[in-house]
Asks: 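To start, I am sharing the structure in question, which I have written as structure tokens.
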Amino acid sequence: MTFAHDTEMSLQAAITLVNSEDPTEDTLETLADLQRFYDEFAYTGRHDADQAELHTIRALRPRLRELLTADRDDAVELVNEMLREGKALPQLVRHEPFDWHLHAVDNQAPLATRIVVETAMAMIDVIRADEMSRLGHCADEECTGVVLDLSRNRSRRFCSTPCGNRNAVAAYRARQATAG
Ligand SMILES: [Zn+2]
Ligand SMILES: [Zn+2]
């Protein structure tokens, strides 16, 4: 494991959220999409599950993208701003299904606030470990996705399996064309 479990979960969630804003297909448009996201990342606490909440979560995406793709010093500014704004107060908590981990805002704070603060908390670890290179743009030229590479050998270049497969096929065809 590269980072603590809660840090990795928060980063994955932020990446999923940012990458849902794909210009060709937005995958966070309905309350069902929001529910899927909430369940996938095992959120607990307040979940209004209404259009207002969906709107605030969708609206976070450009800001999270900016943070995840910032250079290290700019990321520091953004993290500090997000922590101040969310009035973050880190507390260790333990609840099912997780062992001790950090919460920095009350469980009844709006989901959007908790996502911003959790992402900022996760980025503290990334910045302190000087691991910003774990974050980057998808190597697919057409894709706007952000990549989180938590692999041991830092081999991840594509944001998703479809992007990886598409490029593997393209590379294979290019090799065939040269060979032929
Ligand atoms: Zn928790
Ligand atoms: Zn991609």
Side-chain angles (χ1 to χ4, degrees), residues 1 3-28 33-49 53 57 60-62 64-70 82-83 86-126 132-151 154-174:
M1 203 192 307
F3 300 108
H5 178 259
D6 51 344
T7 295
E8 295 196 350
M9 279 282 273
S10 299
L11 291 173
Q12 300 277 19
I15 290 278
T16 299
L17 206 49
V18 165
N19 289 347
S20 73
E21 196 173 28
D22 183 315
T24 52
E25 193 202 1
D26 194 319
T27 55
L28 184 65
D33 294 337
L34 179 60
Q35 190 62 50
R36 204 173 312 116
F37 172 76
Y38 188 91
D39 294 339
E40 182 179 353
F41 292 99
Y43 283 101
T44 54
R46 180 168 164 191
H47 178 31
D48 299 348
E53 184 176 63
I57 306 291
L60 291 182
R61 299 181 296 181
L64 294 181
R65 171 182 291 273
E66 189 190 358
L67 172 60
L68 297 175
T69 58
M82 287 171 172
L83 294 174
K87 299 190 169 51
L89 175 64
Q91 298 280 291
L92 281 161
V93 296
R94 184 161 61 181
H95 61 75
E96 287 299 319
F98 304 117
D99 194 10
W100 292 112
H101 61 285
L102 282 171
H103 278 198
V105 275
D106 190 272
N107 242 359
Q108 292 311 306
L111 184 57
T113 306
R114 286 183 287 138
I115 291 173
V116 168
V117 171
E118 273 171 20
T119 308
M121 294 290 294
M123 288 301 287
I124 289 178
D125 290 1
V126 178
M132 292 295 288
S133 62
R134 298 271 176 190
L135 291 157
H137 296 278
C138 180
D140 182 311
E141 283 170 18
E142 317 262 282
C143 179
T144 58
V146 180
V147 186
L148 171 65
D149 185 0
L150 295 174
S151 66
R154 299 170 183 266
S155 55
R156 192 172 170 139
R157 296 170 55 229
F158 299 101
C159 70
S160 64
T161 308
C163 275
N165 289 346
R166 205 165 44 243
N167 282 271
V169 169
Y172 175 78
R173 290 221 177 99

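Read the numbers this way: they start at 1 and go in the same order the structure lists the ligands and their atoms.
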Asks: Please state the angle at the Zn ion (ligand 2) spanned by SG of Cys143 and SG of Cys163: what is it, rounded to 10 degrees?
Replies: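 That angle works out to 100° after rounding to 10°.
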
Asks: Walk me through it: do Val147 and Cys138 pass the test side chain to side chain contact (heavy atoms under 4.5 Å, CB included)?
Replies: CA-CA 6 Å; Val147 186; Cys138 180; 4.0 Å; yes

Asks: Side-chain contact test, heavy atoms from C-beta onward, threshold under 4.5 Å: evaluate it for Val146 versus Asn19 and give yes or no.
Replies: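 Yes, side chains in contact.
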
Asks: I want to verify a count. Protein N, O or S atoms less than 2.8 Å away from the Zn ion (ligand 1), how many are there?
Replies: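 Excluding waters, the total comes to 3.
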
Asks: Say whether, by atom type as modelled, one donor and one acceptor occur between the side chain of His101 and the main chain of Asp99 under 3.5 angstrom.
Replies: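 Pair found, side chain donor or acceptor close to backbone of Asp99.
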
Asks: Short question: side chain of Arg36, backbone of Tyr38 - any donor-acceptor pair under 3.5 Å?
Replies: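 Such a contact is absent between Arg36 side chain and Tyr38 backbone.
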
Asks: So how far is it from Asp22 CG to Thr27 OG1, rounded to the nearest 0.5 Å?
Replies: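 Nearest 0.5 Å value for the CG-OG1 distance: 7.5 Å.
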
Asks: Does a sphere of radius 6.0 Å around CZ in Arg61 hold more than 12 heavy atoms from other residues, nucleotides or ligands, not counting ones at 6.0 Å or beyond?
Replies: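 Correct, the count exceeds 12.
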
